[in-house]
Every structure is written in structure tokens, then in C-alpha cells.
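Step one of this worksheet: look at the structure below.
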Amino acid sequence: MPDQQLDKNYLVIRKRTFGELIDLTFRLTQKEGRQVFFWFFCLAFPFAVLNYYLTSLITAHWEWTSSEEAWQAFSMGINLILTLFEIPFASSLAILYLGKRTFAPEEKPDRFEIVGSWLEVFPQLFLYLILLYPVTLLYECTVEIITLERTPLFSRKKERISTFKRLRIFHRERFGEQIGFFILAVLFCVLVLPGVLICVETGVDLLFGKALDDVTFFPTVIFPVLLWSVYGLLLILHFLRYLDMRIEREGWDVELAFRAERLRVKKQ
């Protein structure tokens, strides 16, 4: 993360409880939701289209008709599994935006700068989040460490550590905590899903009339939109959790305060 304006942060860097993280998630969604979801859907939309065709191929193999309940349930299940696999990579652009926004309180980050920064770390994102996907399951903050801390794949200097070593250090002795956060995140999604579903259904009724009467429309269109929308909220919550973990484990709030003071003294 850039440290040119460590004393002027968009978010207050301090330790928070899980309830405070959820509250801040909704506040951040209210203020930055449009930008966050824009960057999120830049990658989520291609994945959603890919999932549609993969689901069609799989269901066609079983020779089910779209009117069967088994086809609808299986289609939604396949979409759920595929999106769970894709969400870490799909969230990378939005996480990068949130990281830059944290230290840009007065103006929003430049879009070309975000895309350029993302392209720089794309090889590692592809390696860890696609080719080595199980790493993401063991180390939940893989996306944040690659995009925001910009650790190198291989370390040639003693003062810098490689991405994999950083992942091991950052998540050391936190497996139980990760399981606990996963359970709380699932409960969060269960609470949010009904509200998002009502909003989506209302919007579809207003724009497309009786489209929901089509039995294929919900599992192929509404359900994926619902999933990606909830994941968008979840990635904001996870970004805030990453900040919280850094503060708890590394005293990051104190470090930033000292670094900001040092920059201020140098400018005098």
C-alpha cells in the first residue's frame, strides 16, 4: 500500500470487533458500493457467462429438461460451486481499489493506476488463485497480500520476503480463527440473502414484467446475480478483516502512526 498520506486515511485504522466490521461494511457499501461493485463485476461478469455455458454443458450431459426441479437444483448447485472457486480471483480488482482508497481520502484512485497495478500482480494471482487454488483455502488473505502488499514471487533480497513465506507468517496459528470467521461469514450471507433476493425480484418485475414466471430464468440469471451481489458485500467485509488482522498481529495502526510522523518530520 502507498504510504505518501499515512496521516490522512479514508478509513480509521484501528482494532474492531466483528459487529463493528459488519457495521463498517454497510457504511462502506453505502459510500463506495458503486465503485467497488464496478471493479468487482469487471471480473465477475466474464466468470458468470462462463458458468452459464459450463452449467448448460453439464446439465445437457444428464439429459434433464429445464422444467424439472432436479435440473433447477443441480444448476444452482453447480453455479454455487463454480463461484466459490472463482470469487478470490474475481475480487482482486475490487480489493485493489479498496486498498488504494484507504490511503486516498480526498480523491478516488485513478482507474488506469488500478488496472496497471493489477496487471503487475496478475501472474501471481493466476498462480495462487487458479493453478494453486487449495492455497487460497489454507491462507484466506492471499488476495490482499498479493495485491496490496505486493510481495515478490521469489525473494532475492534479505529485507523482502516471498509471497508464500508471507502467507505462512501472516496466517500462523490462525486456522481455528479462520474457521470461526467462515462460519460467521456464512451466517452474514444467510441474513443478507433474503433482502438481496427481494431487491433483485422487485427490480426484475419492474424491468421485465413476468420474466420470473419462466422456470429457467431464476436458476440461470437471478440466482447468479444474487450470488455475486452477496459476494460483493462479503469481499468488503473480508478486506476490513484483513486490516483488522494486520492491526492485531503486527500492530499496524501503531506502525502507520510512527511512519506518518516520520514523514511529517522529514517535510519540516
| task | Report yes or no: does T151 contribute a side-chain atom to a donor-acceptor pair with the main-chain N or O of S162 at less than 3.5 Å? | result | no
| With a 4.5 Å heavy-atom cut-off, do P123 and L153 have their side chains touching? | no
| request: Using the rule that two of Ile, Leu, Val, Met, Phe, Trp, Tyr join whenever any of their side-chain heavy atoms come within less than 4.5 Å, decide whether V121 and F154 are in one cluster. | output: yes
| N/O donor-acceptor pair under 3.5 Å between T147 side chain and L96 backbone | no
| said: Counting C-beta onward and ignoring hydrogens, is there a side-chain heavy-atom pair between L235 and V36 closer than 4.5 Å? | reply: yes
| task | Flag the pair E120 / R150 as yes when at least one side-chain heavy-atom distance between them is below 4.5 Å, and no otherwise. | result | yes
| query | So, for Q124 and P152, which heavy atoms are closest and what is the spacing to 0.1 Å? | reply | NE2-C, 3.8 Å
| note | So CZ of R111 and CZ of F38: to nearest 0.5 Å the spacing works out to 4.0 Å
| request: Grab the two heavy atoms, one from Y97 and one from P109, that are nearest each other, plus how far apart they are. | output: CE1-CD, 3.7 Å
| query | How about Y242 and F170: are their ring centres within less than 6.0 Å of each other? | reply | yes
| message | So which atom in W39 and which in I114 form the shortest heavy-atom distance, rounded to 0.1 Å? | response | CZ2-CD1, 3.7 Å
| Heavy-atom donor-acceptor pair, H171 side chain to L167 backbone, under 3.5 Å | yes
| remark: Distance col, row R27:CZ vs E20:CD, nearest 0.5 angstrom, shows 10.5 Å
| said: Rounded at 0.5 Å granularity, tell me how far CG in L240 sits from CE in M245. | reply: 13.0 Å
| said: Quick check: do L125 and W118 have side-chain heavy atoms less than 4.5 Å from each other? | reply: yes
| task | Could you tell me the separation between the CZ atom of F40 and the CG atom of L233, rounded to the nearest 0.5 Å? | result | 9.5 Å
| task | Looking only at non-hydrogen atoms, find the nearest pair between A44 and W228 and report the distance. | result | CB-CE3, 3.6 Å
| Residues forming a side chain to side chain contact (heavy atoms under 4.5 Å, CB included) with L131, sequence neighbours excluded | F126, L127
| said: For a 4.5 angstrom cut-off between non-hydrogen side-chain atoms, does C141 reach H238? | reply: yes
| task | Using a 4.5 Å cut-off on heavy atoms from C-beta on, say whether the side chain of Y133 contacts that of Y128. | result | no
| task | Quick one: do I236 and F26 satisfy side-chain contact (heavy atoms from CB on, under 4.5 Å)? Show the steps, please. | result | CA-CA 9 Å; I236 298 176; F26 286 112; over 6 Å; no
| request: Tell me who clusters with Y53, hydrophobic residues only, linked when side chains sit under 4.5 Å apart either directly or through other members. | output: F45, V49, Y52
| request: Taking the side chain as every heavy atom from C-beta outward, state whether F47 and F89 have any atom pair closer than 4.5 Å. | output: yes
| Separation of S92 OG from F122 CZ (nearest 0.5 Å) | 9.0 Å
| said: Rounded at 0.5 Å granularity, tell me how far CZ in R168 sits from CG in L138. | reply: 12.0 Å
| task | Please test R241 against E140 for salt bridge (charged side-chain N to carboxylate O under 4.0 Å, His left out), starting from the C-alpha separation and ending with a verdict. | result | CA-CA 10 Å; R241 168 169 160 77; E140 62 169 299; 2.8 Å; yes
| message | If you define the side chain from C-beta out and look only at heavy atoms, does anything of E32 sit under 4.5 Å from K108? | response | yes
Which atom pairs, one a donor and one an acceptor, fall under 3.5 Å between side chains of residues 80-88 and the rest of the protein, sequence neighbours left out?
unit_1	atom_1	unit_2	atom_2	d
T83	OG1	N79	O	2.8
T83	OG1	L80	O	2.9
E86	OE1	N51	ND2	2.9

